[in-house]
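I am attaching a structure below and will ask some questions about it afterwards.
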Amino acid sequence: MNYWLMKSEPSVYSIWDLQREGQTLWDGVRNYQARNYLKAMQPGDRAFFYHSNADPPGIAGLMEILETQVVDPSQFDAASPYYDPKSGCADPRWYTVRVQFVAVLGRFLSLPELRATFTPEELEVVRRGSRLSVMPVSQTVAERVLALTTVSSQPL
DNA sequence: GCCAACGTTGGC
DNA sequence: GCCAACGTTGGC
């Protein structure tokens, strides 16, 4: 089981939106490295839900990867802001995952706090200028992150 | 709202 | 394949 960190702007889609909906398709990722990480995910993996462009930015929740290797349908939708006219149905360019809500953290972990706790080598999101929206998190760092907050256990 | 950092595009 | 121009991300 691997851990990941996935960013979303809460004004667009927040951890509370996921809590209400239970699960969602993580569509709209249009960066090749982030897509490669999405492709590497396996069902049962866990991911931290990171609120970007928030006040303060930071880790807000936890989710589980439900379904992988999903073709992102928004790339074919001309009305979508994520439409990619260069992607064809025969050879889709963008893949994503379906995620399941697990928990809202009992205490959010702000970016300043993460910076104070982890080096850029340990946790890529604290790196200056880090723009990747999906990134891996090592088991040890994930456990240290979880130890900093409270996560009410929710049956899935 | 600003702007630094970064990714992508396209001319050559 | 280089690189300047441009667009986007995201912290502050």
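Reminder, nothing fancy here: chain letters follow the sequence lines and each chain counts from 1.
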Legend entry - Interatomic distance, A:Y82 OH vs B:dT8 P [rounded to whole Å]: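 So the two atoms are 17 Å apart, to the nearest Å.
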Legend entry - A:E113 and A:R107 ion-paired at < 4.0 Å: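 The answer is yes: the pair qualifies as a salt bridge.
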Inset, instruction - Decide yes or no for A:D72 and A:Y95: does some side-chain heavy atom of the first lie under 4.5 Å from some side-chain heavy atom of the second? - result: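 With C-beta onward as the side chain, the pair stays apart.
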Inset, instruction - On DNA chain B, check which nucleotide each of A:N53 and A:K86 is closest to and give me the residue with the more 5' one. - result: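 Final value for this comparison: A:N53.
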Inset, instruction - Would you tell me if any nitrogen or oxygen in the side chain of A:R128 comes within less than 4.0 Å of OP1 or OP2 on B:dA5? - result: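 It does, given that an N or O in the side chain of A:R128 lies less than 4.0 Å from OP1 or OP2 of B:dA5.
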Inset, instruction - With heavy atoms under 4.0 Å as the rule, sort A:R115 into base, sugar-phosphate or nothing. - result: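 Here A:R115 touches the backbone only, sparing every base.
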Inset, instruction - Indicate the atoms forming the closest heavy-atom contact of A:Q100 with A:L66, along with that distance. - result: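 In terms of heavy atoms, the two residues are closest at CB-CG, 3.6 Å.
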Legend entry - Whole angstrom value for the distance that separates P of B:dG1 from CG of A:D55: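 Answer to the nearest Å: 16 Å.
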Inset, instruction - Salt-bridge test for A:R144 and A:E122: reply yes if a basic N is under 4.0 Å from a carboxylate O, no otherwise. - result: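 Here A:R144 pairs with A:E122 in a salt bridge, since their nearest N and O are under 4.0 Å apart.
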Legend entry - For DNA chain C, the residues among residues 91-99 of chain A that have a non-hydrogen atom under 4.0 Å from it: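 Within residues 91-99 of chain A, no residue comes under 4.0 Å of DNA chain C.
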Inset, instruction - Send over the distance from A:Y32 OH to B:dT8 C1', rounded to a whole Å. - result: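 Taking OH of A:Y32 and C1' of B:dT8, I get 9 Å after rounding.
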Inset, instruction - For the pair A:D84 and A:R30, find out whether any cationic side-chain nitrogen is under 4.0 Å from an anionic carboxylate oxygen. - result: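 Salt bridge flag = no for A:R30 with A:D84.
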Legend entry - A:Y50 side chain reached by A:P57 side chain, heavy atoms, under 4.5 Å: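 They are in contact (side-chain heavy atoms under 4.5 Å apart), so the answer is yes.
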Legend entry - Donor-acceptor contact below 3.5 Å, side chain A:H51 vs main chain A:S11: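 No, the answer is negative, given that no donor and acceptor are paired below the 3.5 Å cut-off.
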Legend entry - Side-chain N or O of A:Y50 closer than 4.0 Å to phosphate OP1/OP2 of C:dT9: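 For A:Y50, the contact criterion (side-chain N or O under 4.0 Å from OP1 or OP2 of C:dT9) is not met.
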Legend entry - For atom CZ of A:R35 and atom P of B:dT8, their distance in whole Å: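 The distance from CZ of A:R35 to P of B:dT8 comes to 10 Å, rounded to the nearest Å.
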Legend entry - Value in whole Å for how far the P atom of B:dT8 lies from CZ of A:R30: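 Those two atoms, CZ and P, are 13 Å apart.
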Inset, instruction - Starting at atom CG of A:L111, determine the distance to atom C1' of C:dT9, rounded to an integer number of angstrom. - result: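 Atom CG in A:L111 sits about 14 Å away from atom C1' in C:dT9.
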Legend entry - Listed nucleotide nearest any side-chain atom of A:K7, set C:dG10, B:dG10, C:dG11: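 Output: C:dG10.
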Legend entry - Atom-to-atom span, CD1 of A:I59 to P of C:dG11 - whole angstrom: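 Between P of C:dG11 and CD1 of A:I59: 12 Å.
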Inset, instruction - Check the distance between C:dG11's C1' and A:R127's CZ and give it to me in whole angstrom. - result: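 After rounding, the gap between these two atoms is 16 Å.
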